[in-house]
Amino acid sequence: MEHITLLLAIVIVTALVFDFTNGFHDTANAMATTISTGALRPKTAVAMSAVLNLVGAFLSVEVAKTISGGIINEDGLRTEVIFAALVGAILWNLLTWLVGLPSSSSHALFGGLIGAAVMSAGWSSVNGGTVVTKVLLPAVAAPIVAGLAALLATRLTYRIGGKIRNDAQEKATAKGYRAGQIASAGLVSLAHGTNDAQKTMGIITLALVTSGVLHPGSNPPVWVIVCAGTAIALGTYLGGWRIIRTMGSGLTDLKPPQGFAAQTSAATVILASSHLGFSLSTTQSCSGAVMGAGLGRQGGVVRWSTATRMFVAWGLTLPAAGLVGAGAELLTKQGTWGVVVVAALLVVGSGAIWLVSRRKPVGHGDVAPTGVAAESPGVVTTAIAAVSPPLTAAQAAAQDLKTTIPAPAGTTQDPARPATV
């Protein structure tokens with residue numbers, strides 16, 4: 001009994017560590033576009049996101065119930081399985097953070113959980129129908145729906161902005177969009193806490209059920225909600241600057257109207273899914289919205305080389321975390337020494353990734369959208385541009401599209417201010 005109690009404590013602490021990594025891994029979802037457009041300073045943005053993540057954790061438990069009693073059959077499940085699953089999720093989170101890729105913390109958790117459960121009790125331990133309807137289908141649909149919504153919202157925004165006639169109106173509109181970005185970023189942060197913090201709540205609740213502390217089907221206790229919300233808020237406050245840099249300027253160059261459209265679209269999709277109990281990836285929803293907003297502006301370019309790397313990471317997340325979770329569970333099945341070895345491997349692996357990250361540290365001063373190499377339009381961008389109506393003069397002015405021309409010969413001109421039309 002003492003071993004089970006100690007193991008349960010280890011699992012709870014490991015779950016909160018995963019929640020912490022989820023926070024700094026997914027900060028970019030809410031604040032990357034707000035930072036890249038200058039609507040908020042980096043540290044202010046992550047502090048605001050952290051507070052709203054904590055608040056969002058108290059708004060719902062539907063996603064937590066999906067995880068604690070939907071994906072994996074609770075009957076006969078060992079607590080060690082939860083521990084092994086968390087090891088796979090944490091290591092994948094840290095690895096993708098190291099390379100600056102916005103992969104899905106949610107799918108890392110699901111992959112680790114599925115892999116460990118299959119290694120422990122076979123495929124019958126996984127509820128395939130729930131995995132398909134509440135994990136896989138939302139994973140495909142969420143970025144597409146969010147992307148299309150952001151594309152249409154961006155087009156509509158610029159169409160309305162095309163009616164601007166003078167500089168005063170343009171400045172007032174830009175100020176309004178920045179205020180809208182702050183509000184929509186807050187909504188995404190709230191949605192992130194509502195959706196992602198619940199995943200850790202569900203895992204801890206599942207561990208309590210497997211240890212006999214709670215009855216199957218129980219809601220997360222209040223102390224679990226408080227701990228999970230606090231852990232994800234602390235992780236968010238640290239700021240995942242590597243992924244913020246990728247999301248803010250690595251995928252596309254965003255202006256305030258696009259940032260507002262992207263964040264509003266993503267928040268709508270995330271909150272709707274949380275209400276329905278769909279445990280989708282907030283990362284995929286926000287990334288899809290950013291790309292949709294990039295395609296929605298006439299002349300906007302999505303950097304498909306970065307997007308391709310991101311798509312590959314999305315596809316690898318479930319199987320990679322699953323394999324690590326299965327390997328960890330294979331060790332924990334050997335007894336106490338196996339659990340100790342897995343814990344040691346987690347600490348050593350996490351420490352090694354952190355040491356490698358210190359070779360080229362990325363801080364809040366490195367997330368500005370300057371210095372990003374230009375990329376030619378891809379097939380998708382070109383196809384969308386081909387079916388789009390040409391810009392009017394007013395719309396071009398609203399998008400700050402200026403054509404730089406060389407100064408006439410013999411004309412003296414400040415080289416820092418090229419002539420524009």
Quick check: does any side chain N or O of [X] sit under 3.5 Å from a backbone N or O of [Y], one acting as donor and the other as acceptor?
| X | Y | result |
| --- | --- | --- |
| Ser265 | Ala150 | yes |
| Ser120 | Ala116 | no |
| Gln263 | Ser184 | no |
| Thr308 | Trp304 | yes |
| Ser125 | Ala117 | yes |
| Ser49 | Val46 | no |
| Thr264 | Ala261 | no |

Would you say that [X] contacts [Y] through its side chain, given a criterion of any heavy-atom pair below 4.5 Å between the two side chains?
| X | Y | result |
| --- | --- | --- |
| Thr96 | Thr317 | no |
| Ile204 | Leu16 | yes |
| Thr21 | Trp97 | no |
| Val87 | Leu345 | no |
| Val131 | Ile114 | yes |
| Leu214 | Pro221 | yes |
| Met48 | Ile182 | yes |
| Phe58 | Val226 | yes |

First locate atom [atom1] of [X], then atom [atom2] of [Y], and finally report the distance between them rounded to the nearest 0.5 Å.
| X | Y | atom1 | atom2 | value |
| --- | --- | --- | --- | --- |
| Leu91 | Phe18 | CG | CZ | 11.5 Å |
| Leu98 | Arg359 | CG | CZ | 9.5 Å |
| Ile82 | Ile12 | CD1 | CD1 | 11.5 Å |
| Leu54 | Leu190 | CG | CG | 10.5 Å |
| Phe20 | Thr230 | CZ | OG1 | 12.5 Å |
| Glu80 | Leu8 | CD | CG | 10.5 Å |

> With sequence neighbours excluded, what pairs up with Asn53 under the side chain to side chain donor-acceptor pair (under 3.5 Å) test?
Replying inline: His192, Thr236
> Should Leu208 and Val224 be marked as a side-chain contact (heavy atoms from CB on, under 4.5 Å) after you check the CA-CA gap, both sets of side-chain angles, and the distance that decides it?
Replying inline: CA-CA 10 Å; Leu208 294 172; Val224 172; 4.2 Å; yes
> How far apart are the C-alpha atoms of Leu109 and Leu86, what are their side-chain angles, what is the distance that settles it, and do they pass the side-chain contact (heavy atoms from CB on, under 4.5 Å) test?
Replying inline: CA-CA 7 Å; Leu109 180 60; Leu86 290 167; 3.9 Å; yes
If every non-hydrogen atom of [X] is compared with every non-hydrogen atom of [Y], which pair is closest and at what distance?
| X | Y | answer |
| --- | --- | --- |
| Arg155 | Gly296 | NE-O, 2.7 Å |
| Asp19 | Ala231 | OD2-CB, 3.7 Å |
| Ala321 | Trp92 | CB-CB, 4.5 Å |

> With no hydrogens and no angle check, do the side chains of Gln284 and Ser287 hold a donor and an acceptor under 3.5 Å apart?
Replying inline: no
